[in-house]
Each structure stands twice: as C-alpha cells, then as structure tokens.
Amino acid sequence: MSQASNAPHAPRTIVITGAGSGIGRTTARLLLEQGWNVVLAGRTAQKLHETAQGHGSALVVPTDVSDPQAVDQLFAAAAQRFGTVDVLFNNAGIFGPPAAIDELDPAQWDEVCRINLTGAINAARAAFAHFKANGGGRIINNGSISAQVPRVNSVAYTVTKHGIAGLTKCLELDGREHRIRATQIDIGNTASDLLDDFGATQGALQPSGHRLVEPTFPLSEAAEAIAYIAGVPLGTSINQFTITAGGMPYIGRG
C-alpha cells in the first residue's frame, strides 16, 4: 500500500471520531501529512488539540458521539469549514469491564453500548445524510477482531463490535444507489493504550485459562491501512479489512 498513490490530488476531508488518542490520533496525523483536511472529534478538547499540533488543515470539534445533536453539529462544522466531507472514520470506542455476563454491571453495559454502538450509529447516520446530499462518500467503521471472534470475559465489547458488523453491511446495502461505501476494519493487537485492557503487560487471558503476552504491531501500520481505504475511489468497495499482529492468537483464538 503506497502512501503516495493514495494521497488525495486535491484536499479532501475526513471526520475522525475518537481522534484524541490511539489509532484515531495516529491516523489523523498521517492523513494531515498526506494533505487531507481532518476534522478531529472526541470528548476531550485538549487531547484533540494535541493530536492536531496546530496544523492548518485540522479542525477540532469536541463531540460526545452518544449525543445525536452533537454529532449533527460536528458535521455542520466540518461542512462550514471545508465544504463537504468525503470520509468518516467511525472510530470512537471503549473496551469496558473484563467480565463474564453474570458479572457485568448493567450500568457498565449501558456505557459500552452508548459509546461503541449508539455513538457509531449516530456518526454513521449524520455521515450517510451528508453523503446522500453530496454525491457519495465512504464510511470506515472500526470493528476490531472481536467483531469476528471474542476474547475471554469481553461480552460487552464483543456484542457491540458484532453490532458494528451489522451496521457496516446495512450502510453498504442502503447506500448502494447513493455511491456510499462502507468498510469494516478489524484491527488486532496494535501497540496502544486500549491493548493494556487486554493484559498487554501481564498477559492476556486465553481460553485455556493461561495468560499470554501476545504479539503487537505499530499503530502507524494500522493507520496506513486506514489511509489506503480512505483514498480508494468510490467505484471500489472494500467491505471488510482485517489486519493483525503476525502470530497473534486470532485464528482459533488461542
């Protein structure tokens, strides 16, 4: 995947939710380097400004994706600044508590569902409406390997990420006549803060009951994959894209 071949010929605009850290931050900085206009959304303004680093093509819009009105305001701000939006990277999410279902606090479930699923639907809805009115666009949903196979004690995260798989398929189908394309990217074991929730240092719990320090790969490589997808013309659909650390226990999970 060549960065040069996918850099936009004229400035294009992407909205990135969860842009204050992790894969959202790394992707935002890469796309700014490639000449994109980047709209950075997240709950903490300071973190978003740290991501933007004062770049002239970055727009910081603090946003709670679980609030549909806030998401509408996000897209309105993006359109006011840059004209139209071309791509949404629907990335905001949390892991939630490591717990089996009988140990899952209902309030914790509500929080994970509110951010991972309701937040993703809010952002996709606003993007879909914008793309429908402006000749098309691409939505990239951050699924996770857990959208395919679960980890031990990850019921809240896994259920919401399986929901992302259904959302992506519906967006691709319903957006067909409007030149709206949807991709689910499933990323496994980037070296990020989120991976610490899986036990990156003491080892992640495996189905066997043992713990294993799993392989990781750099955030920059996942960001390059997202930049590639964002740069593909709308004449091509990329329905699903899976990228993992080499050798991680994914196929068969352990």
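All figures in this text were calculated on a predicted structure; none of them were measured in a lab.
Heavy atoms only, all atoms of each residue included: Ile14 and Ala230 are closest at CD1-CB, 4.5 Å. Here the closest heavy-atom approach between residue Leu48 and residue Gly42 is recorded as CD1-N, 3.6 Å. Smallest separation of non-hydrogen atoms from Asn116 and Ala120: O-CB, 3.3 Å. Contact between Arg179 and Gly135 at its shortest, heavy atoms only, is NH1-O, 3.0 Å. Nearest heavy-atom pair, Asn90 versus Gly119, reported as atom, atom and distance to 0.1 Å: OD1-O, 4.4 Å. Leu117 and Ile164 make their closest contact through CD1-N, 4.3 Å (heavy atoms, listed as atom of the first residue, atom of the second, distance).
Under the 30°/60° scheme for interplanar angles, the aromatic rings of Tyr228 and Phe241 are found to be tilted.
Atom CG of Leu234 sits about 13.5 Å away from atom NE2 of His178, to the nearest 0.5 Å. Here CZ of Arg176 is found 8.5 Å from OG of Ser237. Values are rounded to the nearest 0.5 Å. The CD1 atom of Ile16 sits 12.0 Å away from atom CZ of Arg25, with the distance rounded to the nearest 0.5 Å. Rounded to the nearest 0.5 angstrom, His49 NE2 and Gln46 CD are separated by 9.5 Å. The CZ atom of Phe131 sits 6.0 Å away from the CZ atom of Phe75 when rounded to the nearest 0.5 Å. Distance check: Leu59 CG to Gln80 CD gives 9.5 Å after rounding to the nearest 0.5 Å.
Between the side chain of His162 and the backbone N or O of Ser146, at least one donor-acceptor pair lies under 3.5 Å. Formation of a donor-acceptor pair under 3.5 Å by the Asn122 side chain with backbone atoms of Val65 is found in this model. Side chain of Arg138 to backbone of Val232: a donor-acceptor contact under 3.5 angstrom is found. Judged by distance alone, with hydrogens and angles left aside, the side-chain atoms of Ser220 form no donor-acceptor pair with the main-chain N or O of Pro218 at under 3.5 Å. Put simply, the side chain of Ser154 never gets that close to the backbone of Pro150: no donor and acceptor are under 3.5 Å apart. The closest donor-acceptor contact from the side chain of His130 to the backbone of Ala126 lies at 3.5 Å or more, if one exists at all. The closest donor-acceptor contact from the side chain of Lys161 to the backbone of Asn142 lies under 3.5 Å. Looking only at distances, a side-chain donor or acceptor of Thr17 sits under 3.5 Å from a matching main-chain atom of Asn91.
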What's the verdict on side chain to side chain donor-acceptor pair (under 3.5 Å) for Thr183 and Glu172, showing C-alpha distance, side-chain angles and the deciding distance? CA-CA 8 Å; Thr183 300; Glu172 177 70 20; over 6 Å; no
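By the 4.0 Å N-to-carboxylate-O rule, Arg125 lies close enough to Asp72 to be salt-bridged with it.
Checking Asp186 against Gln240 by side-chain atom types alone, a donor-acceptor pair falls below 3.5 Å. With hydrogens and angles left out, the side-chain atoms of Asn141 and Thr168 include a donor and acceptor closer than 3.5 Å.
Within 6.0 Å of atom CD in Gln69, 12 or fewer heavy atoms from other residues, nucleotides or ligands are found, so the atom counts as exposed in its surroundings.
Only one option out of Leu32, Thr27, Thr26, Leu40 pairs with Thr51 in a side-chain contact (heavy atoms from CB on, under 4.5 Å); it is Leu40.
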